[in-house]
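Report on the structure given below.
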Amino acid sequence: QVQLVESGGGLVQAGGSLRLSCAASGTIFSINAMGWYRQAPGKQRELVAAIASDGTTNYADSVKGRFTISRDVAKNTLYLQMNSLKPEDTAVYYCNADVKRSTDYLTENYWGQGTQVTVSS
């Protein structure tokens with residue numbers, strides 16, 4: 001199996017920064033696209049940022065210029081650097097990854113358990 005474990009969430013004042021990490025472990029042959037999603041209370045889960053296996057990135061308009069997604073392929077780890085945080089960034093942030101467990105397996109999609117980010121005004 002494959003596990004995604006997020007860390008780095010917490011409480012921060014508006015204008016502050018946080019860095020989220022997501023470590024993938026288990027039986028992993030390769031990881032294709034990875035991404036960060038978030039879900040605020042009463043709202044649908046939304047894409048925050050994604051990064052393809054070739055390093056191509058895309059961001060939600062609401063976070064462009066403030067958040068940076070990156071990955072360490074050797075460590076199977078995904079990061080999200082969040083700067084200039086706003087109260088509206090408050091949400092549970094989830095890691096997502098398309099993982100191929102071996103050459104005999106199809107690519108499967110996995111989710112982490114989420115990490116809470118709270119931005120106070």
Subject >> Row check, Tyr79 ring normal vs Arg71 NZ/CZ: under 6.0 Å, within 45° >> reply: no
Taken in chain and number order and not counting sequence neighbours, the residues that satisfy side-chain contact (heavy atoms from CB on, under 4.5 Å) with Glu88 are Lys86
Those residues at least two apart in sequence (or on a different chain) that pass side-chain contact (heavy atoms from CB on, under 4.5 Å) with Ser62 are Arg38, Ala60
Value for CG (Leu4) from CG (Asn109), rounded to nearest 0.5 Å, stands at 9.0 Å
Please table the atom pairs, donor to acceptor, closer than 3.5 Å between any side-chain atom in residues 112-121 and protein atoms at least two apart or in another chain.
{"residue": "Gln113", "atom": "NE2", "partner": "Glu6", "partner atom": "OE1", "Å": "3.3"}
{"residue": "Thr115", "atom": "OG1", "partner": "Gly9", "partner atom": "N", "Å": "3.3"}
{"residue": "Gln116", "atom": "NE2", "partner": "Ala91", "partner atom": "O", "Å": "3.4"}
{"residue": "Gln116", "atom": "NE2", "partner": "Thr118", "partner atom": "OG1", "Å": "3.3"}

Contacts satisfying disulfide (SG to SG under 2.5 Å) that involve residues 44-91 (not counting sequence neighbours) are none
Quick note, disulfide (SG to SG under 2.5 Å) partners involving residues 24-61, not counting sequence neighbours, are none
Residues 108-121 vs salt bridge (Lys or Arg N to Asp or Glu O under 4.0 Å), sequence neighbours excluded, gives Arg101-Glu108
Residues pairing under salt bridge (Lys or Arg N to Asp or Glu O under 4.0 Å) where one sits in residues 23-35, two or more places apart or in two chains, turn out to be none
Here the ring pair (Phe, Tyr, Trp, His ring centres under 6.0 Å) pairs for residues 99-121, sequence neighbours left out, are Tyr37-Trp111
Would you please say whether a donor-acceptor pair under 3.5 Å links the side chains of Asp104 and Ser102? no
Taken in chain and number order and not counting sequence neighbours, the residues that satisfy salt bridge (Lys or Arg N to Asp or Glu O under 4.0 Å) with Arg66 are Asp89
Sorted by chain and residue number, the salt bridge (Lys or Arg N to Asp or Glu O under 4.0 Å) partners of Lys64 (sequence neighbours excluded) come out as Asp61
Could you pull out all donor-acceptor pairs under 3.5 Å where a side-chain atom in residues 17-26 meets a protein atom, sequence neighbours excluded?
{"residue": "Ser17", "atom": "OG", "partner": "Asn83", "partner atom": "OD1", "Å": "2.9"}
{"residue": "Ser25", "atom": "OG", "partner": "Gln3", "partner atom": "OE1", "Å": "3.4"}

Could you tell me whether the side chain of Tyr59 reaches within less than 4.5 Å of the side chain of Val48, counting heavy atoms only? no
For Phe67, the ring-ring contact (aromatic ring centres under 6.0 Å, His included) test, sequence neighbours excluded, returns none
